[in-house]
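When a ligand or atom number is given, it counts from 1 through the structure's own listing order.
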Amino acid sequence: MKQLQKAMIDEFKAHFRGDALLPGDAGYNEVRQIWNAMIDRKPSLIARCASPEDVVQAVKFARKHNLLVSIRGGGHNIAGNAVCDDGLMIDLSRMKSVQVDPNTRRATVEPGCTLADFDAAAQAHGLATPLGINSTTGVAGLTLGGGFGWLSRKYGMTVDNLLSAEVVTADGSQVRASETENADLFWGLRGGGGNFGIVTSFEFQLHPVGPNVLSGLIVFPFVQAKSVLTKFASFTETMPDDLNIWMVTRKAPPLPFLPENVHGKEIVVLALCYAGDPAEGEKLIKPLRGFGTAHGEHIGVQPYTAWQQAFDPLLTRGARNYWKSHNFSRLSDGAIDAIIEYASTLPSPQCEIFIGTIGGQTTRIAPDAMAYSSRDANYVMNVHGRWESAAEDKRCIAWAREFFAKSQPFASGGAYINFLTQDETDRIAFAYGAMYNRLVGLKKKYDPTNFFRMNQNIKPV
Ligand SMILES: Cc1cc2nc3c(=O)[nH]c(=O)nc-3n(C[C@H](O)[C@H](O)[C@H](O)COP(=O)(O)OP(=O)(O)OC[C@H]3O[C@@H](n4cnc5c(N)ncnc54)[C@H](O)[C@@H]3O)c2cc1C
């Protein structure tokens, strides 16, 4: 590992208010470890920023000494770009304030917040904005890649609800980006990932949600997968925006509402959330129970914040993970058959294939309105390879790649940048589609030397 000279570190500490962690320091290993245990990198210095001014200092220091920089928000990204070998890891996870103005229904959120931090503060006023489905995910990375979750059919992608951002650019300047200030930068931030600068504050539009929502799971036997998936595909094409239903197929965890003899067996799960009046939702979800003969269900009216955490126990950090993803405008028979074929050969008890349903409001925005442009994606499929030991790497990765190839002919194009792994740099231009050239032009303007390159990198050439 490259060691920094003592004089350099002293120079850095003189201007930095947060914690500067070196290899061997208490906390160094904890901060450099991210959600995906496949990634094991050792930065020469970790700058745990306490303020936007600290971020400026870190950027200027890295520029002066020509250090590779990585940026950590929630540390959840599968590709692991939050941490680098040798260079400077700029860790934002201590910057956690959330300010909610219930009158304007706006929130100002610092980049170290998790979804749980943001949801808790907004729900204190009965408000929320669309975020993801695992509450330990970082708001920053999720937003900069697009962001979708239970509320997206009703209120759009997370980026559709971003009103402005405070940004530290590659030359260390602090700028504001919105529809009226540095509008080109604002366009690029909404989907362009960490390519254009470090966001030190996000301003979001909030909406009335809950605080209690009808939500939960229905679990079907895997032998009924064809019928359940076919009915799911057709039902989700016309359901109202208030309702969202995702499909997961995996081996059954030991959920208390499932008979014990089902635990460990393949199942098909429909997970749902209704963002309107629960009584209306009850009527709407009735047909789902007829999709098959369920093993069991666990559906009720519960706090939105509790539903946002429902999947956390299955998505804890520290496991080895490898993902592959496609967008679909519709789930054809071919796609359904491929899902069933590969779900019947799951290589580990934690591997799963999920279909996140979006559509609704996410499709009503012009594709060139911002860098995130997959407005024809009604479903985002993720092959979630997850396992415990390095000995299983080859088998589990091969399974994910094979299924990805098999389902590719049925995909609609584009890809969700936040689900790309580190070996998919060849899919970045494909993911952005027609927006890619415009993003390259923006990169040339805001980061001509590719100072921010630990990301799904848009090269300035
Ligand atoms: C278990 C799990 C569930 C998920 N579920 C969903 C979901 O439901 N919906 C969804 O949309 N996504 C989901 N995701 C994907 C998630 O959106 C991405 O992993 C996202 O990148 C996580 O953000 P982070 O801040 O935690 O990541 P980090 O790894 O900290 O950051 C990812 C990258 O974003 C950039 N970045 C981070 N912070 C900043 C900043 N302040 N300024 C500039 N660049 C920055 C950097 O390039 C960094 O490498 C899920 C991920 C996991 C692991």
Peer 1: Can you run down the salt bridge (Lys or Arg N to Asp or Glu O under 4.0 Å) pairs that involve residues 197-212, sequence neighbours left out, and say none if there aren't any?
Peer 2: Arg106-Glu203, Arg176-Glu203

Peer 1: Suppose we screen for ring pair (Phe, Tyr, Trp, His ring centres under 6.0 Å). Which residues come up paired with Tyr432, at least two apart in sequence or across chains?
Peer 2: none

Peer 1: Could you tell me which residues satisfy side-chain hydrogen bond (donor to acceptor under 3.5 Å, both in side chains) with Gln361, sequence neighbours excluded, listed by chain and number?
Peer 2: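 Only Arg364 meet the side-chain hydrogen bond (donor to acceptor under 3.5 Å, both in side chains) criterion with Gln361.
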
Peer 1: Can any side-chain N or O of Ser135 pair as donor or acceptor with the backbone N or O of Ala116 at less than 3.5 Å?
Peer 2: no

Peer 1: Kindly tell me which protein residues have any non-hydrogen atom under 4.0 angstrom away from an atom of ligand 1, grouped by chain and ordered by number?
Peer 2: Trp35, Ile71, Arg72, Gly73, Gly74, Gly75, His76, Asn77, Asn81, Ala82, Leu92, Pro111, Gly132, Ile133, Asn134, Thr137, Gly138, Ala140, Gly141, Leu142, Leu144, Gly147, Phe148, Gly194, Gly197, Ile198, Val199, Trp246, Leu315, Trp323, Tyr416, Asn418, Phe419, Met454, Asn455

Peer 1: I'd like to know whether CG of Asn66 has more than 12 heavy-atom contacts from other residues, nucleotides or ligands below 6.0 angstrom.
Peer 2: no

Peer 1: So, Trp187 versus Phe196, ring centres under 6.0 angstrom or not?
Peer 2: no

